[in-house]
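Please read all numbers here as calculations on a predicted model, not as lab measurements. Scope of the values below: all heavy atoms of this structure, side chains included, with no hydrogens, waters or symmetry mates.
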Amino acid sequence: MAFTTIPAVGISGLTSISVNTQGGNDKIIIDSFSTSLPNLTINGGLGDDTLNFKGNITLIPGANLDVDMQNDEINPGLDNVLFSTNAKISLVGLGTAIIKVSRNISFSANSSLLTEDGNITLEANQQTLPSNGNFSGIDVNGSVIQNTGNGLILIKGMGGNAGFKNTGVNVQNGGQIIGGQTGSVEVSGTGGISSEDANMGVRIYNTNSAITSIGGDVIVIGKGGGSGMSISNVGVMLQASGQISAGSMGMVKVTGSGGASENNGNYGVFVTNFNSRIISSGGDVNVIGNGGGIGDSYNNHGVVIASGGEVSAGGLGSVSLEGTGATSIGYGHFGVVLININSKITSAGGNVKVVGMGGGSGASSGNNGVSLYFSCEISAGGMGQ
């Protein structure tokens, strides 16, 4: 049935609502509802479809949100989902949220997606042939994705392939991804294969921007993109007070790989500026970084902690940090670098282990394993070693 005007459809007594698009480029707008909704399923079609959540929606206890726009057609087109400013989607009890698109998912300022004990799954640009364009796969901009109970959060994003800053998962301007009490948070981002700069895997930028949990484990995996002479294709980037952390006894694991361009700055993990931190409250912290770069590329380090950046474990948690420089024939591929005052790797009471392996190949030079510059610190507190 096709509507030429907006229909009035009653929802009283319904157990589910499904919206199915067909051919063409469709735009679906979902505004606020004053009553709670049952299971809500939205399917895309053959064209390039856009779904825009514009208002507040609460689902009845146990009801699910299913926006899998990749399971409907063999060639589903370019699909994207937008959470407009102040739009809040809440699921209660065991209700789960699934959003899968071929292009990008964007959360605008003060928007949110919340569950209690239900899982959250977000996937953007994960199909076999990545989508073209200039975009971040998943952008959490001054907004919140949160599980408050025991559900899991699984987020995967890949950036576009044109222009600058095609980040896989971008958490910025106070945006937060918050795991629950026991369920883990797993965030995986891949930078787009663009010849321009700064195609990062996972980027956490600005004060109060964080990937964190109440008590569950936090796992972040980032792979830088880029091609040709692009620079700064970092695997996992924390900048200007960005944070990765876990509450209670949750463990933190961060793994980053720099992009495969022929230029510099393709760090595996980069923690820099104004107290950017990878920390735990009491669990272990594990950081692994591998520098990228190919050909004559240079200065592609495994792990860089700079300008007051910090990696630390609280309580009796231990810290294990491993960095490996790039294997290209250029120079200066350090395993682990600490630079500038207050940059540190430390613990409150657990052991601290730092392993750095310089990279390079052929006639490459200046590939240090572990280097500290200008009042940096590697230490263990309490009975730690």
Side-chain angles (χ1 to χ4, degrees), residues 14-21 26 28-30 33 36-45 49-74 76-84 87-107 111-128 131 136-140 143-158 168-169 171 176-180 183-190 211 213 216 219 221:
L14 295 180
T15 59
S16 65
I17 298 172
S18 296
V19 179
N20 299 295
T21 65
D26 299 307
I28 305 166
I29 299 175
I30 301 181
F33 280 81
S36 297
L37 299 183
N39 292 309
L40 178 58
T41 300
I42 301 172
N43 295 314
D49 300 323
T50 297
L51 169 61
N52 186 356
F53 290 105
K54 292 194 70 174
N56 297 341
I57 297 173
T58 299
L59 276 67
I60 63 175
N64 303 318
L65 174 67
D66 184 352
V67 186
D68 189 345
M69 304 178 83
Q70 292 294 287
N71 65 357
D72 38 39
E73 299 287 349
I74 296 176
L78 294 179
D79 302 319
N80 63 88
V81 171
L82 169 66
F83 286 71
S84 291
K88 295 177 172 57
I89 313 299
S90 301
L91 293 94
V92 182
L94 292 172
T96 63
I98 296 175
I99 303 176
K100 297 182 180 182
V101 298
S102 60
R103 194 175 190 272
N104 64 302
I105 303 170
S106 297
F107 290 82
S111 64
S112 62
L113 175 61
L114 309 176
T115 64
E116 290 185 345
D117 292 319
N119 299 339
I120 296 174
T121 302
L122 305 181
E123 294 185 7
N125 201 16
Q126 296 297 295
Q127 65 281 357
T128 302
S131 296
S136 292
I138 297 176
D139 187 22
V140 185
S143 46
V144 175
I145 300 167
Q146 182 174 13
N147 173 268
T148 60
N150 301 312
L152 307 176
I153 297 179
L154 177 61
I155 294 177
K156 296 181 180 180
M158 181 176 183
V169 177
V171 182
Q176 296 185 338
I177 299 171
I178 308 172
S184 63
V185 178
E186 298 185 25
V187 177
S188 178
T190 303
I211 299 174
S213 76
I219 301 168
I221 302 171

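The NZ atom of Lys156 sits 9.0 Å away from atom CD1 of Ile221, with the distance rounded to the nearest 0.5 Å. Once rounded to the nearest 0.5 Å, the distance linking CD1 of Ile17 with CD1 of Ile30 reads 9.0 Å. The CE atom of Met69 sits 10.5 Å away from the CD1 atom of Ile105 when rounded to the nearest 0.5 Å. The CD1 atom of Ile178 sits 4.0 Å away from the CD atom of Gln146 when rounded to the nearest 0.5 Å. We find the CG-CD distance between Leu154 and Glu123 to be 6.5 Å, quoted to the nearest 0.5 Å.
With hydrogens and angles disregarded, a donor-acceptor distance shorter than 3.5 Å links the side chain of Thr115 to the backbone of Gly118. Looking at Gln127, its side chain does come within 3.5 Å of a backbone N or O of Ser102 through a donor-acceptor pair. Within the 3.5 Å criterion, the main-chain N or O of Leu152 finds no donor-acceptor partner in the side chain of Asn147. Within the 3.5 Å criterion, the main-chain N or O of Asp26 finds a donor-acceptor partner in the side chain of Asp49.
Taking every heavy atom of both residues into account, Ser143 and Ser111 meet most closely at CB-O, 3.1 Å. When all heavy atoms of Met158 and Asn125 are compared, the pair lying nearest together is O-ND2, 3.2 Å.
Remark: Phe83 pairs with Phe53, Phe107 by the ring-ring contact (aromatic ring centres under 6.0 Å, His included) rule, at least two apart or across chains.
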side-chain hydrogen bond (donor to acceptor under 3.5 Å, both in side chains) between Ser18 and Asn43, intermediate numbers included: CA-CA 8 Å; Ser18 296; Asn43 295 314; 5.7 Å; no
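Between Val81 and Ile42 the shortest side-chain heavy-atom distance does not fall below 4.5 Å.
Of the options Val171, Val185, Ile138, a side-chain contact (heavy atoms from CB on, under 4.5 Å) to Ile155 is made by Ile138 and by none of the others.
Side-chain N/O atoms of Asn80 and Asn104 include no donor and acceptor closer than 3.5 Å.
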Just distance, no hydrogens or angles: give the donor-acceptor pairs under 3.5 Å from side chains in residues 87-97, sequence neighbours left out.
| unit_1 | atom_1 | unit_2 | atom_2 | d |
| --- | --- | --- | --- | --- |
| Lys88 | NZ | Asn110 | O | 3.0 |
| Thr96 | OG1 | Asn64 | OD1 | 3.2 |

